Participant: 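Below you'll find the structure I mean.
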Amino acid sequence: MNRKRFSWILVGLISLGFIVTGYMSYKMAHETLEEQIQQDSLPLTSDNIYSEIQQDLIRPIFISSLMAQDTFVRDWTISGEVNSLKMVHYLKEIKHQYNTVSSFYVSDKTKNYYHYSGVLRKVSRSNMSDSWYFRVKNLKPGKDYEINIDSDTADPSRVVVFVNYRVYDFSHKFLGIIGVGLSSNAVSQIIEKYKKRYERDIYFINDLGDVTLQGKTQENFRSIHDRPGLKNIAQKILTSPSMSGSYQFNGETRYISSRWVDEFQWFIIVEQKDEFNGLILKRAIINNLVISLLVALSVIILAHWVFKNYQSRLETMATKDKLTGVHNRQVFDELVQTKCEVTTVKDAPLSLALLDIDHFKEVNDTYGHTIGDFVLTRVADTCLSHLSGRGEVCRWGGEEFVLVLPFIDKEKALQLLESVRKEIQNQSETPNVTVSIGLVEREPMERVQSMLSRADKAMYKAKKQGRNNVQFG
């Protein structure tokens with residue numbers, strides 16, 4: 001059965017499936033609507049809310065980032081924090097200019113807590129209220145800020161949403177933490193606005209499942225682990241960047257969608273109660289029929305294109321090594337045979353090299369397989385960059401690669417392979433590795449297996465010669 005015929009049969013089956021779905025939609029309206037809410041409606045709401053949050057809440061992150069990069073802050077700190085009034089004045093200007101409820105800076109050297117109202121005190125590990133500072137100071141590399149809700153140091157009766165941003169000097173040495181604060185009431189009002197607009201419950205949780213932000217009229221609970229029904233899918237929520245599902249609470253079904261917001265390091269949760277009525281059912285039936293027709297039409301138009309691209313992907317998967325992206329061993333015989341035929345017809349040389357990474361087992365044992373995979377990819381990329389289309393690279397197995405070099409004699413191949421070997425040896429990334437290479441030039445009418453056998457012997461000769469060299473076979 002050819003691809004074109006199969007495509008049209010598949011399109012026909014899909015179209016028939018949609019026609020049957022449309023016919024049965026009246027009886028299955030509840031299930032259809034439930035799926036629509038879980039797979040489309042709630043995730044779309046999450047996307048819309050996330051987009052608006054970027055406008056409403058990303059701003060203080062941007063402000064804190066600018067403060068952390070401010071030359072004045074860094075120069076003043078490096079110069080010994082002379083005249084604290086300069087920093088207080090700076091923070092006061094930030095507060096007024098951007099209309100925040102708080103602005104602050106904590107120096108790592110002096111541990112002084114500078115506030116727009118003055119120098120409040122020194123932070124200390126022994127003070128539990130200062131735990132946020134040492135937590136942010138020890139954030140993982142690449143994570144330069146944290147958002148947390150805490151009491152305002154200047155006014156403990158006020159709860160503030162703080163953006164705590166790490167400050168570095170010009171040599172990327174840690175200097176302290178700076179940032180601004182938003183009123184938690186203001187943030188709750190933002191969430192209330194979204195709740196009224198979308199008629200759904202909206203709240204935020206951290207990566208432990210604790211509720212970090214919610215609206216004023218939200219059903220109050222501290223953690224998704226404490227809520228009956230919801231706790232059963234808590235692990236799924238906390239281990240997925242996004243998910244849709246449902247749970248039972250107080251005898252009713254609640255649909256839920258979650259999405260990880262990387263800027264806040266929180267999940268946004270959108271919930272909707274299972275409240276169906278005749279109008280919703282009618283809309284569900286109509287929407288389902290319309291969607292069915294549109295999707296069926298789209299499938300008819302795109303079927304051939306999809307199959308063509310899918311087949312291309314399958315061919316790539318079948319011929320390329322998944323890790324390094326070079327040819328895999330399954331296509332080597334056909335590839336090298338083609339090169340042999342072309343060079344034979346044109347009476348041109350063909351060289352073949354077998355490259356082995358020295359002491360690769362020690363790399364895996366010392367650094368782990370993830371770093372080992374990185375080394376394999378790095379070596380493959382180096383080979384490809386030096387060949388520049390003049391030859392082919394194949395992963396032969398484990399840490400071995402075969403380089404096929406048509407129209408290149410062994411003298412030129414030696415120069416090329418020496419440049420490959422030297423670059424690999426001199427690469428600065430850890431771990432530093434070397435390679436041993438066995439090189440042969442095809443003899444008249446020589447078979448591929450004979451070339452591989454000679455290259456293998458030459459490669460082992462290179463290892464006996466102390467490794468990190470190229471030997472002829």
Side-chain angles (χ1 to χ4, degrees), residues 139-143 172 239-241 262 313-336 351-405 413-414 416-440 448-449 451-471 473:
L139 287 176
K140 295 179 180 179
K143 184 179 178 183
H172 205 68
T239 56
S240 304
D262 193 57
R313 288 181 60 191
L314 289 177
E315 290 174 353
T316 299
M317 293 170 62
T319 59
K320 297 292 185 180
D321 178 57
K322 183 177 180 181
L323 174 64
T324 62
V326 301
H327 296 296
N328 60 27
R329 189 165 181 171
Q330 282 69 30
V331 298
F332 172 77
D333 289 339
E334 180 180 351
L335 184 148
V336 74
S351 297
L352 183 144
L354 192 60
L355 179 151
D356 184 85
I357 302 175
D358 297 327
H359 304 297
F360 185 71
K361 183 177 183 301
E362 295 180 9
V363 173
N364 276 333
D365 292 343
T366 304
Y367 297 94
H369 289 281
T370 300
I371 298 300
D373 289 346
F374 169 74
V375 169
L376 288 169
T377 304
R378 193 175 71 195
V379 170
D381 290 344
T382 302
C383 293
L384 287 172
S385 67
H386 279 267
L387 264 60
S388 299
R390 292 179 291 171
E392 306 290 345
V393 182
C394 170
R395 187 177 177 190
W396 191 244
E399 67 272 22
E400 291 185 340
F401 295 86
V402 176
L403 282 68
V404 182
L405 308 171
L414 176 61
L416 175 64
L417 295 172
E418 274 293 329
S419 65
V420 171
R421 181 192 65 79
K422 289 178 181 178
E423 180 172 336
I424 294 173
Q425 176 190 3
N426 296 327
Q427 286 173 340
S428 60
E429 293 93 336
T430 301
N432 182 260
V433 297
T434 60
V435 294
S436 298
I437 305 174
L439 169 65
V440 298
V448 174
Q449 290 303 320
M451 295 175 66
L452 284 171
S453 177
R454 290 197 295 125
D456 188 60
K457 292 177 181 178
M459 186 261 292
Y460 277 102
K461 179 181 177 182
K463 287 189 175 292
K464 290 181 180 180
Q465 295 292 330
R467 294 183 169 83
N468 191 23
N469 65 90
V470 183
Q471 293 291 328

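Because the structure is a prediction, the values reported are computed rather than measured. FYI, side chains are in, hydrogens and waters are out, and symmetry mates aren't considered; it's all heavy atoms of this structure.
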Participant: Pro431 and Val375: which non-hydrogen atoms are nearest, and at how many Å?
Facilitator: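 So the minimum-distance heavy-atom pair works out to CG-CG2, 3.8 Å.
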
Participant: Working to the nearest 0.5 Å, report the span between CD of Glu400 and CG of Leu376.
Facilitator: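 If I round to the nearest 0.5 Å, the distance is 11.5 Å.
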
Participant: Above 12 or not: heavy atoms from other molecules or residues under 6.0 Å from CD of Glu334?
Facilitator: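 For Glu334, atom CD is not crowded (no more than 12 foreign heavy atoms under 6.0 Å).
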
Participant: Could you give the distance from OG1 (Thr319) to CZ (Phe332), rounded to the nearest 0.5 Å?
Facilitator: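 So the gap between those two atoms works out to 15.0 Å.
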
Participant: Val404 versus His327: any side-chain heavy-atom pair under 4.5 Å?
Facilitator: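 Not touching, per the 4.5 Å side-chain cut-off.
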
Participant: Decide side chain to side chain contact (heavy atoms under 4.5 Å, CB included) for Val435 and Phe401; before the verdict, give the C-alpha distance in whole Å, the side-chain angles of both, and the deciding distance to 0.1 Å.
Facilitator: CA-CA 10 Å; Val435 294; Phe401 295 86; over 6 Å; no

Participant: Check Val420, Asp381, Leu417 against His386 for a side chain to side chain contact (heavy atoms under 4.5 Å, CB included) and give me the one that passes.
Facilitator: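 Testing each of Val420, Asp381, Leu417 against His386, the sole residue satisfying side chain to side chain contact (heavy atoms under 4.5 Å, CB included) is Val420.
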
Participant: Which heavy atom in Leu387 sits nearest to a heavy atom in Gly391, and how many Å separate them?
Facilitator: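 It is CD2-C, 3.4 Å.
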
Participant: Could you tell me the separation between the CG atom of Leu384 and the CD atom of Glu392, rounded to the nearest 0.5 Å?
Facilitator: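 Output value for this atom pair is 9.0 Å.
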
Participant: Are the side chain of Ser388 and the backbone of Ser385 linked by a donor-acceptor contact shorter than 3.5 Å?
Facilitator: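 Yes; at least one donor-acceptor contact below 3.5 Å.
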
Participant: Heavy-atom distance under 4.5 Å between the side chains of Phe360 and Val433, does that happen here?
Facilitator: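 No; the side chains remain at least 4.5 Å from each other.
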
Participant: For Lys457, I'd like to know if atom NZ has over 12 heavy atoms of other residues, nucleotides or ligands within 6.0 Å.
Facilitator: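 Open: at most 12 neighbouring heavy atoms sit under 6.0 Å from NZ of Lys457.
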
Participant: Within the distance-only criterion (no hydrogens, no angle test), does the side chain of Asn432 pair as donor or acceptor with the backbone N or O of Gln425 below 3.5 angstrom?
Facilitator: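 A pair under 3.5 Å: yes.
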
Participant: Is there a side chain to side chain contact (heavy atoms under 4.5 Å, CB included) between Ser351 and Leu439 once you walk through the steps?
Facilitator: CA-CA 7 Å; Ser351 297; Leu439 169 65; 4.0 Å; yes

Participant: Pick out which of Val402, Val393, Val379 makes a side chain to side chain contact (heavy atoms under 4.5 Å, CB included) with Leu355.
Facilitator: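 Of all the options given, the one that passes is Val379.
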
Participant: Do the non-hydrogen side-chain atoms of Val363 and Glu399 ever get within less than 4.5 Å of each other?
Facilitator: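 Sidechains of Glu399 and Val363: no contact.
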
Participant: Classify the side-chain pair Arg421/Asn469 by whether it contains a donor and acceptor separated by less than 3.5 Å.
Facilitator: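 Absent: no donor and acceptor within the cut-off.
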
Participant: Donor-acceptor pair, distance only, cut-off 3.5 Å: does the side chain of Arg454 make one with the backbone of Met451?
Facilitator: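 No.
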
Participant: Say you draw a straight line from CG of Asp456 to CD of Gln449; how long is it, rounded to the nearest 0.5 Å?
Facilitator: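 CD of Gln449 is found 11.0 Å from CG of Asp456.
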
Participant: Considering only heavy atoms from C-beta outward, does the side chain of Leu354 approach that of Val440 to under 4.5 Å?
Facilitator: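 No; the side chains remain at least 4.5 Å from each other.
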
Participant: First locate atom NE2 of His359, then atom CG of Asp365, and finally report the distance between them rounded to the nearest 0.5 Å.
Facilitator: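 Atom-to-atom, His359:NE2 and Asp365:CG are 12.5 Å apart.
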
Participant: Any side-chain donor paired with an acceptor under 3.5 Å for Asp356 and Ser436?
Facilitator: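 No pair is found: no donor N or O on one side chain lies under 3.5 Å from an acceptor on the other.
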
Participant: Atom CZ in Arg395, atom OG1 in Thr377: separation rounded to 0.5 Å?
Facilitator: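 Rounded to the nearest 0.5 Å, the CZ-OG1 separation comes out at 8.0 Å.
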
Participant: Is the closest side-chain donor-acceptor distance between Gln427 and Thr382 under 3.5 Å?
Facilitator: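 Checked: Gln427/Thr382 side chains pair up, N/O donor to acceptor below 3.5 Å.
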
Participant: Are there more than 12 heavy atoms of other residues, nucleotides or ligands under 6.0 Å from atom OH of Tyr460?
Facilitator: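 For Tyr460, atom OH is not crowded (no more than 12 foreign heavy atoms under 6.0 Å).
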
